[in-house]
Each structure stands twice: as structure tokens, then as C-alpha cells.
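Report on one structure; see the data block that follows.
Quick caveat: nothing in here was measured; it's all calculated off a predicted structure. Numbered from 1 within each chain, the chains take letters A, B, ... in sequence-line order.
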2 protein chains.
Amino acid sequence: MSSTGVCEGQPAGRGPGSAFLLAQLGAHAAYRFAERVAALDLTPPQVGLLRAVAADPGRSQQELAQNLGTPPTRLVGLVDGLEQRGVLQRRRNPADRRLYAVYLTDAGNTLLTEIGRVARAHEDAMLAALDDTQRAQLYTLLARIAADQHLTAGVHPGYRTLSPTDTKPA
Amino acid sequence: MSSTGVCEGQPAGRGPGSAFLLAQLGAHAAYRFAERVAALDLTPPQVGLLRAVAADPGRSQQELAQNLGTPPTRLVGLVDGLEQRGVLQRRRNPADRRLYAVYLTDAGNTLLTEIGRVARAHEDAMLAALDDTQRAQLYTLLARIAADQHLTAGVHPGYRTLSPTDTKPA
DNA sequence: TATTGTTATACTCTATAACTATA
DNA sequence: TATAGTTATAGAGTATAACAATA
């Protein structure tokens, strides 16, 4: 079990509190998801990029960086790796040759389908303790909080980075 | 807004899914909490240690490390900092002089009270969108999942580390 | 001169391994 | 020799700053 470390503790006197449970479960969910996509030889940041490209193909690296909330420099290596792997493609914009437009390849689309499968399995495993009614309840509550907290669309900041080598099926 | 980076994206076709929302909200909660305790000049790992000591005073660093799931080496610096600050205290065990027993000082207990206040404010802010009934519902659902996933007591692995300098009120 | 993408650099955090002292 | 704690080292990951090409 590759732990990250010393952290938090429940609010002294009474039990944990929902905010703490949220943080604890969120870290757990992120970790488990990282394990699963590692089987596809992917890290969460790579998955995020693939999905961002799929959501709106042809954007420049600058646009992607802004959308994902990351410094543009970081996208370089990310795109590099996925391009060498043949799932992403950079195309020069003839009108403005400074820009690259980033697209998924066919292999990229196939990979994305795999990712979808993995995500569904992950979702199922995470919610195993709840019946359908409870799952719907939970979703409603979480969505309400997310909206209230102004969380952007589907962008997740701060997934714990889990190196693929660290990931031999726990 | 000091972001961590490119990550994830919602399950392509349909909406986000609860597992993703959980991860997203969890990261958000951890981040916000880190901001709040930074006002007390503390990091989440420090808070975790303080609470662990409070929960069972007098344990050795080895025991604390095991309880928190972190390498013992890491506790050294953590205890050092909090001891210099006067909120923790190391006492030699006369029976076995290799061991230290770690205790809270009076200042440490005061600080812990502050932390409790901060944690309650955090909880309130996170759940602002929900009424009392909904809060109770959410808590029940989260606790059920946490139990099912075998999450240890009140230990949170993987809080995003937020350096106090990074923390000028967002 | 401004902007896209890139490379180079530095910094933070954490873990692993080597060392000291007690037993 | 084994164990508690410490120090020293190295690694992963990220951000900041300097650079080249294009506009």
C-alpha cells in the first residue's frame, strides 16, 4: 500500500464529519482510479488530457492548459508522451503557424473507450455499498455541493500522482 | 488559485458520475482545509500529527508512524517543528532510553482547540448548500461507503501538501 | 512587440538507505 | 544482534523563468 503520509485526523471530540469523509473518500477514489488506469499504462493527468481533447478536438495547447488549469509548459511533455504513443496528434495550423491543434487518433479513441470501461468499473466498486436509490441520493447531494462550491466542469485538480511502477495491482 | 494540474475529466458520454464527484470534491475539501489551517501556520500533515498525539498521548514515534501510515523518518522533522514551536514535547522513557514518548503541551492543547474551530467552519462552508436533513443523509451515505472501503479510522492519506507560503488567502 | 510552444532550471515533498545510541 | 531515532541522499513531480519561432 503506497501511502502518502501523515495527514489529518477526525475532528477531535465527535466523529469524522462529512467534510473529512469527503476528503478521505476523495483521496481513496483518486488513488483507486489511478491504480486502474495504470493497468492501461496511463496516469490520471494523461487521462485528463485525453478527455479534454476528446471533449473539444483541435484546441491549441494554450487553450488546453487554460481549460485544465495547468501551466502550458506542463502540457508539452504530456502531449509528447501521448503523441509518441500514437494516441494524440499535433497538427500545425496553416493560418497561424505558431499554433498546434491537438487531436485524437483512432488509437486514441479506442483507448478512450477502454478508459470509459475502467471508469465504470471504478464507479461500481466505489459505490458497491449503496443500492440504486442511495446512489441516486448521493449523486444529487454531491452535485449540489459541487455546484455551490463552483467546481469547474469535469476538471479535477490535485489527483495524487501515482507512478505506473508503483501500481502493481494492490 | 494555486492549482495542481491536469487531471481527469468526467466519464465521456454521460455526466461526471459520483466517483468522480467524490474525487473532485475531496480534493477541493482538502485544499480548502489546507488554506484554513495555513492561517494557523500549520500544514495538514502537522494537523494530522497533532490529532494523533491528542488521540493517544505518550506514544513513540514508531507507533505514531505506523498509525499514520508514514515512514518513521518523516516524523522526525514533523515532531521537530512542532516541538520547537512549543506545542509538542518529547520525553525520554527511563525504562528504555531509546524511546521517546510524544505529548502535547498546554499550548498544544490550545492550538488543537483552534484547529477544532477551523474544522467546524470548514465543515459548515463545505456543506452550505445542504439543509440539516440533507446533511444527515450525506453523512450516512459517506460513512457507509467509507466502512465498505475499509478506510482506517481518521487517517487521511494523500492530502495535497500546501506550503504555508502558497497560502495567502486565495 | 506580443504570443505559441519549447527547453532549462529550481523547488517542494517524500521515500530509501546509511548512521548513532541504546538495549 | 536488534530496535528507536536521526541524518543524508536521491527521486518524482511541478512550477517559474529564459528561449526560439512566428505573427
Side-chain angles (χ1 to χ4, degrees), chain A residues 1-7 27 30-31 34 38 43-46 48-49 58-81 83-84 88-102 157-167, chain B residues 1-7 27 30-31 34 38 43-46 48-49 58-81 83-84 88-102 157-167:
Chain A
M1 177 160 293
S2 93
S3 67
T4 308
V6 184
C7 273
Y31 180 79
T43 63
Q46 288 177 317
L49 174 56
R59 281 188 288 180
S60 71
Q61 296 183 187
Q62 290 282 342
E63 290 172 307
L64 287 167
Q66 184 166 3
N67 174 235
L68 293 168
T70 191
T73 51
R74 204 180 156 192
L75 270 145
V76 179
L78 234 36
V79 175
D80 279 353
E83 187 174 39
Q84 281 164 30
L88 279 188
Q89 191 185 20
R90 274 187 254 236
R91 298 188 204 153
R92 276 283 182 207
N93 184 332
D96 185 340
R97 304 237 313 283
R98 288 174 305 184
L99 284 77
Y100 278 120
V102 184
Y159 258 4
R160 192 164 122 38
T161 312
L162 193 64
S163 59
T165 52
D166 192 6
T167 333
Chain B
M1 176 157 294
S2 91
S3 67
T4 309
V6 184
C7 273
Y31 180 80
T43 62
Q46 288 178 317
L49 175 56
R59 281 187 288 181
S60 71
Q61 296 183 190
Q62 290 283 343
E63 290 172 307
L64 287 167
Q66 182 165 4
N67 174 234
L68 292 169
T70 191
T73 51
R74 203 180 156 192
L75 268 127
V76 178
L78 235 35
V79 175
D80 279 353
E83 187 174 40
Q84 280 164 29
L88 278 188
Q89 191 184 20
R90 275 187 255 237
R91 298 189 204 153
R92 277 283 182 206
N93 184 333
D96 184 341
R97 303 235 315 282
R98 290 174 301 182
L99 283 77
Y100 278 120
V102 184
Y159 257 3
R160 189 164 126 39
T161 312
L162 194 65
S163 61
T165 52
D166 191 8
T167 333

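Note: CG (Asp80(A)) to P (dT6(C)) measures 6 Å, nearest angstrom. Taking atom CG of residue Leu88(B) and atom P of nucleotide dG5(D), one finds them 14 Å apart after rounding to whole Å. We find that CG of Leu75(B) is positioned 13 Å from C1' of dA15(C), with the value rounded to whole Å. In this structure, the CG atom of Asn93(A) is 9 Å from the P atom of dA23(D), given to the nearest Å. When rounded to the nearest whole Å, the span between CG of Leu49(B) and P of dG5(D) equals 13 Å. Counting to the nearest Å, the C1' atom of dG5(D) and the CZ atom of Arg59(B) are 17 Å from each other. Per the geometry, CD belonging to Glu63(A) stands 11 Å off C1' belonging to dT4(C), to the nearest Å. Distance CG (Leu99(A)) to C1' (dT3(C)): 9 Å, rounded to an integer number of Å.
Residue Pro71(B) places its side chain closer to dT16(C) than to any other of dT4(C), dT16(C), dT7(D). Out of dA15(D), dA15(C), dG5(C), the shortest distance to the side chain of Gln62(A) is found at dG5(C). Considering only side-chain atoms of Arg97(A), the nucleotide from dA17(C), dT6(C), dT22(D) that sits closest is dT22(D). Taking only side-chain atoms of Ser60(A), from C-beta outward, the nucleotide of dG5(C), dA23(D), dG5(D) with the closest atom is dG5(C). Candidate nucleotides dA2(D), dG5(C), dT6(D) were compared by shortest atom distance to the side chain of Gln61(B), and dT6(D) ranks first. The side chain of Thr73(A) sits closest to dT16(D) out of dT16(D), dT6(D), dT14(D). Listed candidates were dT16(D), dT7(D), dT7(C). Nearest to the side chain of Val76(B) is dT7(D).
Just one residue in the list Arg90(A), Arg92(A), Gln61(A) forms a side chain to side chain donor-acceptor pair (under 3.5 Å) with Tyr100(A), and that residue is Arg92(A).
In this structure, Arg92(B) reaches neither bases nor backbone, as no heavy-atom distance under 4.0 Å exists between it and the strands shown.
Proximity of Arg90(A) to the phosphate of dT6(C): a side-chain N or O atom is located under 4.0 Å from OP1 or OP2.
No side-chain heavy atom of Gln66(B) sits under 4.5 Å from any side-chain heavy atom of Pro72(B). A 4.5 Å side-chain heavy-atom check between Leu64(B) and Thr70(B) finds every atom pair outside the cut-off.
Nearest approach of Ser60(B) to Leu99(B), heavy atoms of both residues: CB-CD2, 4.2 Å.
Atoms CG and CZ, from Asn67(A) and Arg59(A) in turn, are 4.5 Å apart once rounded to the nearest 0.5 Å.
With hydrogens and angles ignored, a donor-acceptor pair closer than 3.5 Å exists between the side chain of Arg98(B) and the base of dT3(D).
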